[in-house]
Novice: 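Here it is: the structure, laid out below.
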Amino acid sequence: MSDVFKVEALSKAFGGLTVSRNISLAMKAGARVALIGPNGAGKTTFVNLVIGQLRADTGRILIGEQDVTRLGVVPRVRQGLVRTFQVTRLFSDMTPEEHLILTVLQREGRASRILGGFRSDSTVTGEVEGLLAALGLLEVARRKVGEIAYGQQRLLEIAIALALKPKVLLLDEPAAGVPQSETPRIERALERLPPSLAVLMIEHDMDLVFRFAKHVVVLAAGEIIFEGLPSEVAANAKVREAYLGSYADARKHA
Amino acid sequence: MQIEADTRSIPALPKHRGGAWRDVAGILLIAVAGAAGYFLFPDSLALLTRVTALAMLALSLDLVVGYCGVATLGQAALFGAGAYAAGIACVSGVTEPLSLLLIGAVAGAAAGLVMGGIMLRAHGLAQLVLSIAIVQLFHEAANKASSYTGGSDGLAGLTVGPLFGIFAFDLWGRTAYLLGVVILVAVFAALKFVVASPFGMMCRGIKEDPIRIRSMGAFVSPVLLKMFVISGAVAGTGGALAAISTQVVGLDSVSFELSANALVMLVLGGIGTLYGAIVGTIIFMAFEHVVSAINPFHWMTMVGALLIAVVIAAPRGLGGLVARLWTPSRHGERP
C-alpha cells in the first residue's frame, strides 16, 4: 500500500535557530500516529510546515502522489490534508449544524453561492445529521456554539474536519483544555474515526497517546529522536532523557 | 469515506421554521413605514427621498462592515460612482429612470470591484487608510474632470423622463419618493436573501475567523470581493436615486464626510442586521433635520453626543435595542 502522506527531509530555520531538522515521516491509509515531544521541541512549527502556514527551507511534502510543498493552506486542504486546532476556532454565533452545513457546502464548492438556500438540500442536511449523530452533538445542534460545553466544541472541531472528507487528519491536541470528565467522549470519537483515514495526532496526554496510537514519533529540539511502537517508547533511553526522563527526575526529587 | 453512525438512533432534527416569516414581516413593516411617510409628511418628500437613497448607502456599508468585518471610511466612493454615472448618462440623453438606476448600480458595482481589489490587499488600519485614500481620489477625479462632472459646481440640468412613461417627476417629489421606497424595499428583500445564503454565512465566518475559513479549504479574498461588488451595486443604486430625485449631482456625494456619516448612521442603528442601517439612517436624518433647524451651528455636536450615548448604552445600536425588546426570550436561549 502506498503512502497517503509523506514528509521528506523537512528543515526550517528562523535566522540561526533551526526549529525543524531533517524531519521525515510517512503515513499509510488508516495510520494512527502520535507525535509527542517536550515543550519547545518544534511540534507547532512542524504542524505549521505541514499545513502550509510556514514555508519549509528544504524538503518535500506529499499528499498521495501530489507534491504540495509549494502550495498554500487552502490548496492543501483541497488535496485532503485537514487539521483541527489546539484552541477551538469556531464561530460563536453560529450553531454546530450551521458550521457543518457550511463546511459540507464548501467541500462541494457551493459555499459562496447566493442562489439555492443552504437548508433545502436533503443530501447535505442528511450528511450533516449523520456527522452530528456520529459525534453525539445532536442535542446541541441548534444551540449557539458560544453556549455549548468546551468538550462539545472540541467534538465539533473534529466533526468539521471530517465533513471535509480528508485523506490525512492532523489532530492538534484534541483533548487540550477539556475537563477530565469529558475526555472519554473525545476518546470515543477518536476511536470511531473512519478506519481508512490516516491520522497524525499531536498530544500531551500520554494516556491518550498510548491508547490511540499504533505508532509514536518523538520530536526533540526539532529532530525526530524516536520512531516506533508505543510499547517501546518508554524504554528508549534517548526519549527518557529528552522527555519522559524529566518526569522521572521530577519524581525522584519530589 | 463514511462516518460510522448508527442511523436507527438518530432522532432527525426538526424542520426549520419561523425565520422567513420574520423577514417578510420586517419587509412589510418597512413598506408600511414608507407609505406612512408619504401621507404624514407630504411637504417633506424630498427629504424622505434622500433618506431612502442614504439608507441604501448605509445598507451597502453594512454588507462590508457588518457582514464581512472590513472597516471602510470610503463607502461614498461607490455611492458617488452611481450618482455621477446616472447623472452623466442622463445629461447624455438616457432619461428613462429605471435605466438610470441600473446604470448607477453597474457603475457602483464596478467601483466596488476596484475598491475591493485595492482594499483587500491590506488589513486593519492600513485597509482603513486605503479606503480614505480611495474616496479622496474619487473626489479629486470628480473635481478635476469638470467637463463631465461639472466639477465643484456640480452636475446640473438632469431632466429625467417620466417613470414607465406615465409618472412624471413632479415638483412635490411624489414620484421620486414612491420610487425610492419601492427600490429600497426591493433592495432590502434581496439583501436579506443574500445574507441568509451560504455566501452570506461564509462572509460572517470570515468576519469572525478567516484562519478557520481557510482551513476549511476556502479562499477568503474572492468571497469578500464578491461582497464588495454587491455592496457597490447597492450604493450605486442609492447614488443614482439621489441624482434622479434631486436632478443634480454634487461633489459631496463622493466625499469622505458622507462616508463617515454613513458609518455614524450604521453605528446608531446597529451593525450587522440590515434593519439597523435603515433605522440609523432615519434617526440620523431626522436628527439633522430637526436639530439643525433649532441650532444650525451645533447640530453635529448633538449628533456626537447621541452617538456616544448609543455606543455606551446600546452597543448593538438602536435597531438592536428594539429587536431585543421585540423578541421574547425563549427558554434556554439568550434573548
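Within every chain, numbering begins at 1; the chains are lettered A, B, ... in the order of the sequence lines, protein sequences first and strands thereafter. Note that the structure is a prediction, hence the values are computed from the model and not measured.
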Novice: Please check if the side chain of B/Arg212 supplies one atom and the backbone of A/Leu90 the other of a donor-acceptor pair under 3.5 Å.
Specialist: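 Looks like no, no N/O pair under 3.5 Å.
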Novice: Can you give me the closest heavy-atom contact between A/Val73 and B/Arg214, atom names plus distance?
Specialist: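 For A/Val73 versus B/Arg214, the nearest heavy atoms are CG1-O, 4.1 Å.
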Novice: Hey, what do you get for CZ (B/Arg204) to CD (A/Glu98), rounding to the nearest 0.5 Å?
Specialist: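 Separation between the atoms: 6.0 Å.
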Novice: Does some side-chain heavy atom of A/Arg78 sit less than 4.5 Å from a side-chain heavy atom of B/Phe219?
Specialist: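 Yes, at least one pair of side-chain atoms sits under 4.5 Å.
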Novice: Any side-chain heavy atom of B/Pro198 within less than 4.5 Å of one from A/Arg110?
Specialist: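 No, too far: nothing below the 4.5 Å cut-off.
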Novice: Flag the one option from A/Arg83, A/Arg76, A/Met94 with the top tally of heavy-atom pairs under 4.5 Å to chain B.
Specialist: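 Highest number of pairs under 4.5 Å: A/Met94.
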Novice: Do you know which of A/Leu135, A/Thr84, A/Leu81, A/Val74 has the most heavy-atom pairs with chain B at a distance under 4.5 angstrom?
Specialist: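 If we count pairs closer than 4.5 Å to chain B, A/Val74 comes out on top.
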Novice: For the CZ atom on B/Arg121, are there more than 12 heavy atoms of other groups (residues, nucleotides or ligands in this structure) within a distance under 6.0 Å?
Specialist: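 Not more than 12 within 6.0 Å, no.
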Novice: To check you understand the geometry: which heavy-atom pair defines the closest contact between A/Gln106 and B/Met216, and what is its length?
Specialist: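 That would be CG-O, 3.2 Å.
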Novice: Output the distance between atom OG (B/Ser215) and atom CG (A/Leu164), rounded to the nearest 0.5 Å.
Specialist: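 CG of A/Leu164 is found 8.0 Å from OG of B/Ser215.
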Novice: Nearest 0.5 Å, what's the CD1-OG1 distance between B/Ile213 and A/Thr103?
Specialist: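 Here the rounded value is 8.0 Å.
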Novice: Is it the case that atom NZ in A/Lys6 sees more than 12 heavy atoms from other parts of the structure closer than 6.0 Å?
Specialist: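 Open.
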